Every structure is written in structure tokens, then in C-alpha cells.
Amino acid sequence: MPIYEYNCRRCDHRFETIVLSSREKISCPECSSTAIEKQLSVFSAPASDKQADSSTQWLRLHAADLRLSLRVLRRGEEVRQVLANSL
Ligand SMILES: [Zn+2]
């Protein structure tokens with residue numbers, strides 16, 4: 001099923017919804033406004049992961065990078081401690 005991401009023009013709320021029909025009237029779950037914009041960064045979340053939004057998707061894509069950054073930061077902390085102990 002296609003899941004589309006929308007952005008409300010009235011309250012700027014971002015949400016995702018499953019669109020069953022192109023004629024279906026979509027409204028903002030926050031303010032009920034129909035002044036909404038379909039986002040271009042659309043992806044279909046797997047059925048088993050309905051909670052996935054664009055930010056968790058981004059995190060998943062960048063998890064390896066983030067882990068590497070953390071390792072570098074931890075390594076830096078170790079080096080700092082070794083230097084502090086040797087003084
Ligand atoms: Zn809204």
C-alpha cells in the first residue's frame with residue numbers, strides 16, 4: 001500500500017497516511033485543515049514497520065556513520081584520559 005508523507009500548510013504538522021484512493025480527501029490530523037502538501041521524499045514503509053517515519057529511516061541509513069562517529073568520540077576520550085593520567 002502506498003504511504004505518502006504530507007506537510008500541513010496551516011500548522012506545519014508532518015504526517016504519513018496510507019492513500020487508498022487518489023480521490024480520497026486528506027486532512028491534517030492536528031488541525032483538520034485540508035491545505036496540505038504532498039512531500040516528495042516518499043517511501044513505502046514495510047508493513048511490519050508502520051511506525052517508521054522519515055527520521056527513523058534517516059537514522060537507519062546513517063546508523064553506521066553514527067556508530068563510527070561515536071567510536072571516534074570514545075577513542076578521543078580514551079586518549080584524553082591517558083594523557084591526563086600521564087601528567
Ligand atoms: Zn495542520
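Quantities reported herein were computed from a predicted structural model and do not represent experimental measurements. All ligand and atom numbering here is 1-based and tracks the order in the structure. We number each residue from 1, following the sequence as shown.
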Legend entry - Contacts of type salt bridge (charged side-chain N to carboxylate O under 4.0 Å, His left out), residue Arg9, not counting sequence neighbours: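 Result, salt bridge (charged side-chain N to carboxylate O under 4.0 Å, His left out) vs Arg9: Glu37.
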
Inset, instruction - Taking 2.8 Å as the upper limit, name the protein N, O or S atoms near the Zn ion (ligand 1). - result: Cys8 SG, Cys11 SG, Cys28 SG, Cys31 SG

Inset, instruction - Using the six-membered ring wherever Trp is involved, compare the ring planes of His13 and Phe15 and label them parallel, tilted or perpendicular (cut-offs 30° and 60°). - result: parallel

Which value, rounded to the nearest 0.5 Å, describes the distance between [X] atom [atom1] and [Y] atom [atom2]?
{"X": "Thr17", "Y": "Ile3", "atom1": "OG1", "atom2": "CD1", "value": "9.0 Å"}
{"X": "Ser33", "Y": "Ile26", "atom1": "OG", "atom2": "CD1", "value": "12.5 Å"}
{"X": "Tyr6", "Y": "Gln39", "atom1": "OH", "atom2": "CD", "value": "10.0 Å"}

Inset, instruction - Work out which heavy atom in Ile36 is nearest to a heavy atom in Ser27; give both atom names and the distance. - result: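 Shortest heavy-atom contact: CD1-N, 4.4 Å.
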
